[in-house]
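To start, the structure under review is shown below, and the notes come after it.
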Protein chains: 2
Amino acid sequence: MWRILQVGLGPLGRQVAGELCARRLGRLVGAVDPHPELVGKPLSELVPGAPEGLRVAAGLEALPDAEVALVTTSSWLSDCMPIFDPLLGRGLAVVSSCEELCWPWLRQAPLAEALAERARARGGRLLGTGVNPGFLMDALPLVATAVVRELRSLRVERVQDAACRRLPFQQKVGLGLSLEDFAERAAGGRFGHAGLEESIAFLANSLGLEVGPIESSMEPVLAERPTPSGLGSIAPGRVRGLRQRAFARTEDGRSLELRFEALAGCEAPRDGVHITGEPEIRLEIPGGVHGDVATSAILLNAIPSLLAAPPGLHTMASVPPVRWQRGAP
Amino acid sequence: MWRILQVGLGPLGRQVAGELCARRLGRLVGAVDPHPELVGKPLSELVPGAPEGLRVAAGLEALPDAEVALVTTSSWLSDCMPIFDPLLGRGLAVVSSCEELCWPWLRQAPLAEALAERARARGGRLLGTGVNPGFLMDALPLVATAVVRELRSLRVERVQDAACRRLPFQQKVGLGLSLEDFAERAAGGRFGHAGLEESIAFLANSLGLEVGPIESSMEPVLAERPTPSGLGSIAPGRVRGLRQRAFARTEDGRSLELRFEALAGCEAPRDGVHITGEPEIRLEIPGGVHGDVATSAILLNAIPSLLAAPPGLHTMASVPPVRWQRGAP
């Protein structure tokens, strides 16, 4: 069994660590979160099923030996550098939900190069994944193109019920905000679904397409009636979610388009991939994929694929296909 | 540009070679088919777009240097051994439509081991793929499991219109046969869709499931009215296609089930993957994926993924995800 570290004990990190123990995919040997309310706490109080005797560490320094680390701290690569760098320096395989890491060359090319070099030099491996970015707008549509001889356009749609996602997600898509607050938050950055542009850059690069600038947009969707959410009932006129779109095109007219909707009171959640070309392929997932369950699942399922790849900075296009892992009986 | 050899110039081989040239995915530098009517013929007479000056060779001996070979000769591994063995001995990357090669350990474990050793010793690479087996009942459902934490059952369904497939396919699924002839052909083996059991073995092994014996069945479907096909109109009472099923189960009750239908006069062609577990995932491709277009496409699209993997005998689970290749402009 691999020895595994959990870095980050927010809602997602606790879920990942708990699932790791429940599925017996490895042995949780340490956990880190510098939050003052968490440091020193028995891990089993935060993570059901965690081994007795472990306490939350404030930093990476005193952690035991391990082969794998799971990092669920931030969507932003610059925030994660002080974590990734020493873990790779110790030669670990690091799987992270950091959205920017799904295609780090888009916004953080120098950091990406530094990580890649560090990983190769020290025998470490690093992969960013999740349900989205990582799977629904990345690995899945990429794999769907395997059977086409000509690709004219690739369009991916994700329409999901925001009210059944973890609370940080509901906050980040603006549930309950006024239109003004939404506009202010949107203008401030670090708001909305992170990773849409990373997904489009991943697809373009993995398909060998040189695209022009990525066009992006984000707009609020307002409640027309009182709408339940994890943040309380949303009054009519306040934000019940958002729509985002990213689009890019090649000089010869091939296009990539991603549409993302997260709404409280979503009536028809679904995921879909539509490829025009030869042959045309329309792939639908009625009801969609539940984001929180899927994100912790894929982070854990990705471990063996990352370990099977050579040392370095990886993406979902460079490791063998990630698939369900059974865990120890 | 890679130098590529085409081995086998039946309908699929000609299509693959023509598509290779049209998509500019590599340079076709030689082609082999021992059929007496083909040997010595100018390749461009058989393959539109093939370079002038190439002639069909009778065997592998006199072929020029190359990095890649495409082999489309037989569904059966034992038939392909005299081809795979010398190509691997020359260190080539070999992509083949041989159905048994998609999971060669099922029926031909000693041959598989010999090929794996040969490939590793000589720096060669070997991959069996195609639309099915290879993709629809293999890579695609495998990838769909990436986002589940628990898998109870995996069911894949393929319902296709046999009448728009290449003629050897229409023959092999029995179009136009009498019920008696169907029974005789079915009993004789090498009939029907090859690879269903390979697909189930691929899935079981790639998912780490120890399954009991694979149950398989095949039954004819009879025409109720005159039904057009590539082999002429099918009279009522004669075979318009077949249904096959393969099923396997683990000791703890997890199950894998594959359903395959190929019918002339198919009313609702479709492909689908249904995973029960957590979360449940239902993935549908209404209209289905056109088999002949998709098979030649994926054979060619697989080349870079195979070259990116270490030398050895590979499957769609051990190479980075196969995706559309753009080719040279």
Side-chain angles (χ1 to χ4, degrees), chain A residues 19 22-23 129 131 134-136 139-151 154 206-209 252 254 271 275 277-287 289-290 293-298 300-302 304-305 308-310 316-327 329, chain B residues 19 22-23 129 131 134-136 139-151 154 203 206-209 252 254 271 275 277-287 289-290 293-298 300-302 305 308-310 316-327 329:
Chain A
E19 185 178 331
R23 292 173 62 189
T129 193
V131 67
F135 182 76
L136 288 167
L140 184 65
L142 190 72
V143 164
T145 70
V147 285
V148 306
R149 65 162 65 140
E150 167 64 338
L151 183 147
L154 172 58
S206 303
L207 292 168
L209 296 176
D252 62 351
R254 300 179 206 268
D271 288 296
I275 298 167
E278 194 184 357
E280 182 175 356
I281 303 218
R282 197 181 287 274
L283 189 154
E284 298 169 358
I285 304 180
V289 175
H290 190 289
V293 178
T295 286
S296 61
I298 197 172
L300 294 167
N301 289 335
S305 291
M316 290 293 280
S318 67
V319 300
V322 174
R323 77 291 304 248
W324 176 68
Q325 298 298 318
R326 181 173 191 174
Chain B
E19 185 179 329
R23 292 174 61 188
T129 192
V131 66
F135 183 76
L136 288 167
L140 184 65
L142 190 73
V143 164
T145 70
V147 285
V148 306
R149 66 161 66 140
E150 167 64 338
L151 183 146
L154 171 58
L203 288 171
S206 302
L207 292 169
L209 297 176
D252 61 351
R254 301 178 206 269
D271 287 297
I275 298 167
E278 194 185 359
E280 182 175 354
I281 300 212
R282 197 181 287 274
L283 190 153
E284 298 169 359
I285 305 180
V289 175
H290 190 290
V293 177
T295 287
S296 61
I298 197 171
L300 294 166
N301 289 336
S305 291
M316 291 294 280
S318 66
V319 300
V322 174
R323 76 294 302 250
W324 177 68
Q325 299 297 318
R326 181 173 190 173

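Protein chains get the first letters and strands the later ones, always in sequence-line order, with residue 1 at the start of each. Worth knowing before you read on, the calculation uses all heavy atoms, side chains too, and leaves out hydrogens, waters and symmetry mates.
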With rounding to the nearest 0.5 Å, note down the distance linking [atom1] in [X] to [atom2] in [Y].
X         : Y         : atom1 : atom2 : value
Asn301(B) : Thr145(A) : CG    : OG1   : 6.5 Å
Glu284(A) : Leu283(B) : CD    : CG    : 9.5 Å
Arg149(A) : Glu278(A) : CZ    : CD    : 4.5 Å

Heavy-atom pairs under 4.5 Å with chain A: which of [options] has the most?
options                                    : answer
Glu280(B), Met316(B), Arg254(B)            : Arg254(B)
Arg23(B), Glu150(B), Gln325(B), His290(B)  : Arg23(B)
Leu136(B), Thr129(B), Leu300(B), Val293(B) : Val293(B)
Thr295(B), Ile275(B), Val148(B), Leu209(B) : Val148(B)
Asp252(B), Val131(B), Ile281(B), Leu140(B) : Asp252(B)

Cut-off 4.5 Å, heavy atoms of chain B, and the answer for Ala308(A) is neither
Turns out that what part of Glu19(A) lies under 4.5 Å from chain B's heavy atoms comes down to side chain
In terms of heavy-atom pairs under 4.5 Å with chain B, the winner among Gly134(A), Ala146(A), Pro320(A), Pro310(A) is Ala146(A)
Side-chain donor or acceptor of Ser305(A) paired with backbone N/O of Ala302(A) under 3.5 Å: no
Side-chain donor or acceptor of Asp271(B) paired with backbone N/O of Val289(B) under 3.5 Å: yes
Is the closest side-chain heavy-atom distance between Arg323(A) and Leu207(B) below 4.5 Å? yes
